[in-house]
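As the structure is a computational prediction, the values presented were derived from the model and not from experiment.
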Amino acid sequence: MASEVTEWPSEFLGLRTGLNIPGRRRLGTYRHPNGTRRLVAMKAGEPVLRNRLADIPESGGFDEPLISTPNAAEVEAELRG
């Protein structure tokens, strides 16, 4: 599993099912035209932890969760172990 801490992503995440308040909050599932399935819970102003789970069978059907949390760097360090 690869993970990284990023800012609010500006790229096209995909077709959305869920809530989107432009520039403030994104919450839902996104399917990109390339087939990437994302679970997104992002809040503006908080770092985003992005994990790539495409090769993990227990991923719950998602390739890439993007989760905002104030302590994203600490969570990433724990995941890297």
Side-chain angles (χ1 to χ4, degrees):
M1 169 179 61
S3 63
E4 66 177 322
V5 175
T6 67
E7 297 294 321
W8 182 277
S10 60
E11 84 261 19
F12 176 65
L13 296 177
L15 300 175
R16 171 184 42 89
T17 301
L19 173 73
N20 184 31
I21 302 171
R24 306 278 301 155
R25 190 81 157 133
R26 290 182 182 169
L27 181 63
T29 59
Y30 290 74
R31 181 177 290 273
H32 195 274
N34 70 9
T36 302
R37 295 158 300 162
R38 295 180 170 112
L39 176 64
V40 176
M42 298 187 316
K43 183 178 178 181
E46 289 187 355
V48 177
L49 181 64
R50 179 190 295 244
N51 290 306
R52 289 182 178 73
L53 306 174
D55 299 330
I56 300 175
E58 298 86 19
S59 67
F62 294 101
D63 301 310
E64 199 175 75
L66 287 90
I67 310 295
S68 288
T69 180
N71 61 342
E74 295 167 20
V75 174
E76 179 192 27
E78 282 291 319
L79 289 172
R80 290 183 186 261

Item to check | Shared hydrophobic cluster, M42 / Y30 (ILVMFWY, side-chain heavy atoms < 4.5 Å) | outcome: yes
Side-chain atoms of residues 10-17: list all donor-acceptor pairs with protein atoms under 3.5 Å, sequence neighbours left out, distances to 0.1 Å.
residue, atom, partner, partner atom, Å
E11, OE2, R50, NH1, 3.2
E11, OE2, R50, NH2, 2.8
R16, NH1, G18, O, 2.8

Checklist entry - Just how far is it from atom CZ of F62 to atom CG of N51, taken to the nearest 0.5 Å? => result 13.5 Å
Mind listing the side-chain donor-acceptor pairs of residues 65-78 below 3.5 Å, one per line with the distance, residues two or more places apart or on another chain?
residue, atom, partner, partner atom, Å
S68, OG, K43, N, 2.8
T69, OG1, N71, OD1, 2.6
E76, OE2, R80, NE, 3.2
E76, OE2, R80, NH2, 3.1

Next on the checklist: Within this structure, what is the CG-CG distance for the pair L79 and L49, rounded to the nearest 0.5 Å?
Outcome noted: 6.0 Å
Next on the checklist: If we ignore hydrogens and angles and just use 3.5 Å, is the side chain of D63 paired with the main-chain N or O of R37 as donor and acceptor?
Outcome noted: yes
Checklist entry - Other than L27, which residues form its hydrophobic cluster under the rule that side-chain heavy atoms must be closer than 4.5 Å? => result L19, I21
Checklist entry - salt bridge (Lys or Arg N to Asp or Glu O under 4.0 Å): which pairs involve residues 18-34, sequence neighbours left out? => result none
Item to check | Partners meeting side-chain hydrogen bond (donor to acceptor under 3.5 Å, both in side chains) with T36 (sequence neighbours left out) | outcome: N34
